[in-house]
Every structure is written in structure tokens, then in C-alpha cells.
Amino acid sequence: MCTGASTSWYYSWNAWATRWPTGLALTPEGRKAVFVGDLVDRGPGVTKVLKLVMSMVEDGAALCVAGNHESKLVRKLKGRNVQVSHGLAESLEQLENESPSFREGAARFLDGLISHYVLDDGELVVAHAGMKVEYQGRASARVRDFCLYGETTGETDEWGLPVRGNWAADYRGRAMVVYGHTPVAEPAWLNRTINIDTGCVFGGNLTALRYPEQELVSVPAGRVYYEPVKPLSEPDHAEGTPASAEDRGANLLDIDDVIGKRIVATRLRGNITVREENAAAALEVMSRFALDPRWLVYLPPTISPGDTSRLPDLLEHPAEVFTYYRNNGVSRVVCEEKHMGSRAIVVVGQDAEVIERRFGITGEGIGTCYTRTGRRFFEDRNLESQLLERVRSALTAAGLWEELSTDWAVLDCELMPWSVKAQELLRAQYAAVGAAARASLASAKSLLKQTANRGVGVGAALPGIEERLHLAELYSDAYARYCWPVTSLADIQLAPFHLLASEGHAHTDKDHLWHMNVAARLSQADPALFKETQHHVVDLTASDETDATHWWEELTGKGGEGMVVKPLDFIATGQRGLVQPAMKCRGAEYLRIIYGPEYSMPDNIGRLRNRGVSAKRSLAVREFALGVEGLHRFVEGEPLYRVHECTFAVLALESEPVDPRVMREGVRTAGATTISRIKHSAPGRNPPRRS
């Protein structure tokens, strides 16, 4: 519990504390009070406040940070030449009436107060006047000055007081910052910061924030103890929005949030850096091709393969994947059939009003379906609407709306066939390569046969061409099995493997069997649309790998892509931190699509055995952490830019770097109109409904 402070609040605190049977110096329900400073000056109960707070801190019932008034009083008590104003005279007078031992103890206590606290593993920061991201957890004269006095412009207002800089309008940190210093009539959230100094000494209120509930509790001052020079400011904005049009609000995306080098704080992997050259490339894609950013609550991570197989004719085999997880302390894994389609994120609500309330989007129906790069999946909006209606109906039939107490959901899926989204890629790349290889090699084979029939020796050339032609035919067969004509929704299959989020919950706390069960229920509700994902659970402590390996061999032997192996827990950690969230193990024939028709020839596969996977694994973990972070921020009702920061970072990490100088000037003047200063109804304006 964090509470604002001024000396007059002793009486308000006393009235408040009488509600608690534990007594004055104990906080309720085992909580700890955190005082935000300014315990002294201006009120009639300076020494009473000091005795109370010193006692609570000594008993372990409270923490306290230094305020600017304590700092000034300490300097005076040390004999420094300070101006006796703003209530300092009252503090000195009251201290004179106390014993020398109390004065000495109070001076030591106040002099020992630190500038700020970082609590709850970095989730909460408490400072007197506020705290920028870059100062959190640091100790220096500059940091302490900011904590005591905040940010000023160097100007004075009409009352002769310093004009405050609005650091909170630009705050982008993960931690919630609770502060005071500048009294306000009512506390209001802005970018995960809140000022709870509600001017008790000026006849306002004593306010506390209950953490982590984020509940505000206030009691009125007994009277006006000190007439304010300046009237308390009246915020004219809703919770989570700025106090003026010039301030940064929760309903605004700003290009400065995404250009340049960015550092995104995540709960799973700490700070993740996005390089400027990657951000520039992602900005181009996001600005030109992506959906309305309000839809993009999640982008999925890349998936790393296992180490190269030791078997002579294979690049990938389950044994290496199982070994990786076993070595990282994972005892059970889930092997899921890998569908050859396109990754699709499906957002669906029970009706359009839900989408407007929760996502702030109007006129776009009950949801959307988008790709792993944030682009609309279907150009045919009618086909998309039909798909969303079926998904909504399946969620209804499966009883998931009621079970999860939600009216919206986000699903992570594979949408088939591959050709429905990759048609141009197939036509321009895969089909073109296959057709050219078959035609040229067939012609070469024919010419070599004619040459041989004339009695001219062709040596090993003919068998070599015949082998290469066979490999080209296998290549064409490999991609062709994942393609079929799509003329209606009846030709589409959807294989969900994660129910990512619903109202009030990011389902990263559920294991993968729970997610597979949800997918199975959707398949039972609508088997024509939903394809159930086959899966096996493997106990790595019991060497229970044979059945899963045989299953993989059967899948790939029939031309299937392979499988994805995941820890049973959605989020798994080992001695070195976050473990790979998933690893793919693909069959030999499918890998022709990836590495080319002739990858399996001895010389080629020999070179491929030297492929490195460490960079891919690092990328996968970082993108996974960003995706989970974005989901939690959305579910928790954070502002749009906070959610978008995560999805944009995933896209940036996936993007090929470009020289930022090429784009910088154009971006700032004419480009990126989707992102630059576009007003949206943000999730922060529509807080999540509590069940």
C-alpha cells in the first residue's frame, strides 16, 4: 500500500486507522505501507507523523522514501544555510519541543531515507516526485534530484511556482510508478504512473493505492491546515489519458515509439533490444501492409530446429530435440503434428459491440484473421466474415464463452492449405523452380540418351542427370501436397493449437495439454472447419521416446511436414533461463522445400550439417518473451502503445536490417502515416471487464 504524505495527514491517518482492529502502527491484512515522502512541514503534527512513520519502519510495517521537504530539513539540521519557507519554520518549532534524543533520531532517520524503491521484482517503483525508466534502480546525484524534485522546465507560473515537465506523458516503462510531490485534486493513471498526493494539508484527501489491486482509497482531511498558493489541479481527463492535448495519451501511437534503437522490458527475459536498422525495416512493413494496430495484440515467434542429426541421411531427427530439452531440465514434452499451412491469429468476439468495447474498433465486424507479420490474411472480406462466424459458433457450441467468462478470444492457429496465402510465392518461386528443373533436366536426359544411343560414351553424366531429375520431381511433389484450390470456406481447414487470451486472462499459465483439449473441443463442435492436432506426451525421465519417434517417422514417411516439440508447460525455464518454447523437427522430403531439390545429395547435405542454430534459438526466445509480454499488457488493459511496442518489436526482429539513414528523413516527413500520431480508442480507455 502506497500513501501520499504531508504532516497534516496524521489526523486523517488516525481516523483511517481506527477502522483496523490491529491498531495504528500496523497495516491491514499483513500489508506494508510505503510513504512517498514530505512527512514534514506545513501541518500541526510534524513530530507525531515522524514518530508514527519511524515506528512503523522500525517494526518492518512500512517503507519510506525521501521527499524534498525532508531533504531541506536535514540540511537545516546540519547547519546549512537554507531559506526557511514553505512550512519549514513549523517543523523546526515543533522539533524544538521534543527531546534532544528524538531530534537526533529523527535527523538520522530522515538523512537515511533513500531516493526510491524498486519492489515486486521490478513491477513497482515508488519515488517522491516520479521516476524515469532509465533512472530506476540506479543511485546517483542526478537520480536523487529527480526523485526529490521531479522535472522542471526552468520557468515559473503565475503563482511563482516552477513549471513542471510532464515526464509521465513520455513514460514507457514496465514498472508501475507511484509518486506525489505535486498535489492534485484527484489521482489519475497516465502510462502506468499515478500521482497520489491529493493535498491533505490543503484540505484535500489522504490517498493510498492498494497494490497489486490498483485500488485507490481516500479519506478527507479534517480541515484546511495550510492555504495553498496555487489551487489544486483538476484533471479533465479519463483514467489512463493525458491531462492536456499536448500530453501523450493512451489512445495515441507515436512514431517516436518505434524508430531508432528501442529497448523493450519483458517479464520473461528482461530488456530486449531492437536495433535501429531492424526497426526501420519493420516500420516500412507495418506502415504499408499491416492491419489496424489495435488488432495486433500478438505476433507469434519463430521456431528453431533441433541440432543436426547424427544419422547419415537426415538433417533433423527427434533424438536431438529430446536431448536438448532433457539437458535443460524439462521432464515432459508434448509432440504436436506440424501442419503445413500458414500461421494465422484469429481474434473473435461474441458481437461487434464487444470488439468496439475491448479493441476500440468499429465497423469491422466481430473480429479478424491476420498473418504472423500482422497482415490481413484474407483479401476476400466475405470469406473472412464466414470464417469468423464459424469460429464464434464453435466457441459457443463448445461452451467456452461461459467457461472462460469471456466475450472475446484470441487463437493461434495454422490455416490450410498453404496455397491460400502463399499462392504468389508458390507461383513465382516454388512452381517456377520445379517446372524449370524438370523441363531442363528432362531435356538433358533426352539428349544424353540420344548421345549414348549413337555409341558415344556419356560416362556418369546420364545417371547423374537422372538422379537430379528424380530429386526435382520429389521437390514438386513436396510442395504440391500442401496446395489445393480454394473456392469457398469448405476448402479451408483451421488447426488451433493455442487459446492465447480471453477476458482477464493470458492463458500462458496453462500447459499445452489444456490448449490441445480446447482445440479438440472446437474440432468436435465443427469438424468440417477445425482440424484436430495429433499429439503425444513424452516423459524424458523414463526414456519414453520410441513411440513418439515412430509416430514422427510415420508422419514424415507419408509426406507430412513433421512435428513441433514443446515443454509441457507453456513457459519453461532451465538453469540458463528461458527454455525454447518450441522446436521443430521436419521430415527429409519437406526439407526440400526449404533447402532446394538437391539438398540431400552428399556434398550439399554435408555442407548443411554445419548450419548454426544458436542465432535462431536466441531469436525464438526473444520473440516469445515479447509475444507473451504483449498479451499480458493487453489483457491487463494497458495503453495501445504499450501493446504495440511488443508486436512491433517481434516484427522488427524478424525483419532484414536496412540502413536507417535511407528511411529516417522520409519517415519523419511523409512516411508511416499508419503509425505517426493516429488517434485510436485504446484498450487503456476500455479497461477489462472483471468476472
Side-chain angles (χ1 to χ4, degrees), residues 268-269 300-339 412 414 495-500 507-520 532-558 560-588 590-591 609 611-625 627-628:
L268 293 185
R269 199 175 166 80
T302 188
I303 303 177
S304 171
D307 291 327
T308 301
S309 173
R310 298 179 181 179
L311 298 176
D313 299 325
L314 294 175
L315 275 179
E316 297 179 10
H317 188 270
E320 283 68 33
V321 179
F322 295 146
T323 297
Y324 166 83
Y325 281 119
R326 186 184 298 109
N327 290 344
N328 280 276
V330 176
S331 59
R332 299 177 72 195
V333 295
V334 179
C335 303
E336 300 178 6
E337 175 187 5
K338 194 173 192 305
H339 303 287
D412 191 2
E414 196 81 1
F497 40 84
H498 298 140
L499 174 54
L500 293 169
H507 297 292
T508 58
D509 59 337
K510 314 293 197 308
D511 66 30
H512 282 105
L513 288 181
W514 181 88
H515 289 275
M516 286 289 96
N517 178 60
V518 169
E532 188 171 356
T533 298
Q534 300 180 59
H535 59 279
H536 288 258
V537 178
V538 178
D539 184 350
L540 298 178
T541 64
S543 299
D544 183 23
E545 304 168 16
T546 304
D547 290 345
T549 301
H550 287 164
W551 175 64
W552 176 83
E553 292 170 344
E554 290 177 6
L555 285 176
T556 57
K558 296 175 183 177
E561 182 178 347
M563 68 182 182
V564 176
V565 184
K566 306 173 182 178
L568 181 62
D569 293 330
F570 198 100
I571 299 170
T573 56
Q575 292 182 346
R576 298 182 179 180
L578 202 59
V579 171
Q580 290 293 307
M583 298 184 79
K584 54 191 176 186
C585 186
R586 299 162 292 183
Y590 172 79
L591 286 175
R609 288 188 181 281
R611 65 178 184 169
V613 297
S614 58
K616 186 80 166 178
R617 288 182 182 175
S618 173
L619 185 65
V621 168
R622 284 178 287 150
E623 291 179 0
F624 176 71
V628 169

Pairs involving residues 305-314, ordered by first then second residue, that meet salt bridge (charged side-chain N to carboxylate O under 4.0 Å, His left out) (sequence neighbours left out): Asp307-Arg617
Using the salt bridge (charged side-chain N to carboxylate O under 4.0 Å, His left out) rule, collect all pairs that involve residues 563-588, keeping only residues at least two apart or in two chains. Glu316-Arg586, Glu336-Lys566
Is there a side-chain contact between [X] and [Y] in this structure, where contact means two heavy atoms from C-beta onward sitting under 4.5 Å apart?
X	Y	answer
Val613	Pro305	yes
Asp547	Val538	no
His535	Leu513	yes
Cys335	Phe322	yes

Distance (rounded to the nearest 0.5 Å) between [X] [atom1] and [Y] [atom2]:
X	Y	atom1	atom2	answer
Gln534	Leu555	CD	CG	6.0 Å
Thr302	Glu623	OG1	CD	6.0 Å
Leu591	Leu315	CG	CG	6.0 Å
Lys338	Phe497	NZ	CZ	8.5 Å
Leu619	Ser304	CG	OG	9.5 Å

Any chance the rings of His515 and Phe570 have centres within less than 6.0 Å? yes
Are any side-chain N or O atoms of [X] and backbone N or O atoms of [Y], one a donor and one an acceptor, separated by less than 3.5 Å?
X	Y	answer
Tyr325	Leu540	no
Tyr324	Gln580	yes
Arg609	Pro312	yes
Glu320	Gly306	no

Identify, with sequence neighbours excluded, every residue that meets side-chain hydrogen bond (donor to acceptor under 3.5 Å, both in side chains) alongside Ser309. none
By side-chain hydrogen bond (donor to acceptor under 3.5 Å, both in side chains), which residues pair with Ser614, not counting sequence neighbours? none
Report the relative orientation of the aromatic rings in His536 and Trp551; use parallel for angles under 30°, tilted for 30 to 60°, perpendicular for over 60°.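 Rings of His536 and Trp551: tilted, 30 to 60°.
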As a test of understanding, state which of Val330, Asn328, Val334 forms a side chain to side chain contact (heavy atoms under 4.5 Å, CB included) with Pro567. Val330
Option among Lys510, Met516, His512 that satisfies the side chain to side chain contact (heavy atoms under 4.5 Å, CB included) test with His498: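 The side chain to side chain contact (heavy atoms under 4.5 Å, CB included) with His498 is passed solely by His512 among Lys510, Met516, His512.
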Of all heavy-atom pairs between Trp552 and Gly562, which one has the smallest distance, and what is that distance?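 Reported closest heavy-atom pair: NE1-CA, 3.9 Å.
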Nearest atoms (heavy-atom pairs only) where Pro318 meets Cys585: N-SG, 3.3 Å
Please lay out, stage by stage, how His317 and Thr549 fare under the test side chain to side chain contact (heavy atoms under 4.5 Å, CB included). CA-CA 8 Å; His317 188 270; Thr549 301; 3.8 Å; yes
Tell me every residue that passes side-chain contact (heavy atoms from CB on, under 4.5 Å) with Thr323, counting only those two or more places apart in sequence or in another chain.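 Testing Thr323 for side-chain contact (heavy atoms from CB on, under 4.5 Å), a comparison that skips the adjacent residues, returns Arg326, Asn327.
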Residue set satisfying side-chain contact (heavy atoms from CB on, under 4.5 Å) with Ala588, at least two apart, ordered chain then number -> Leu314, Tyr599
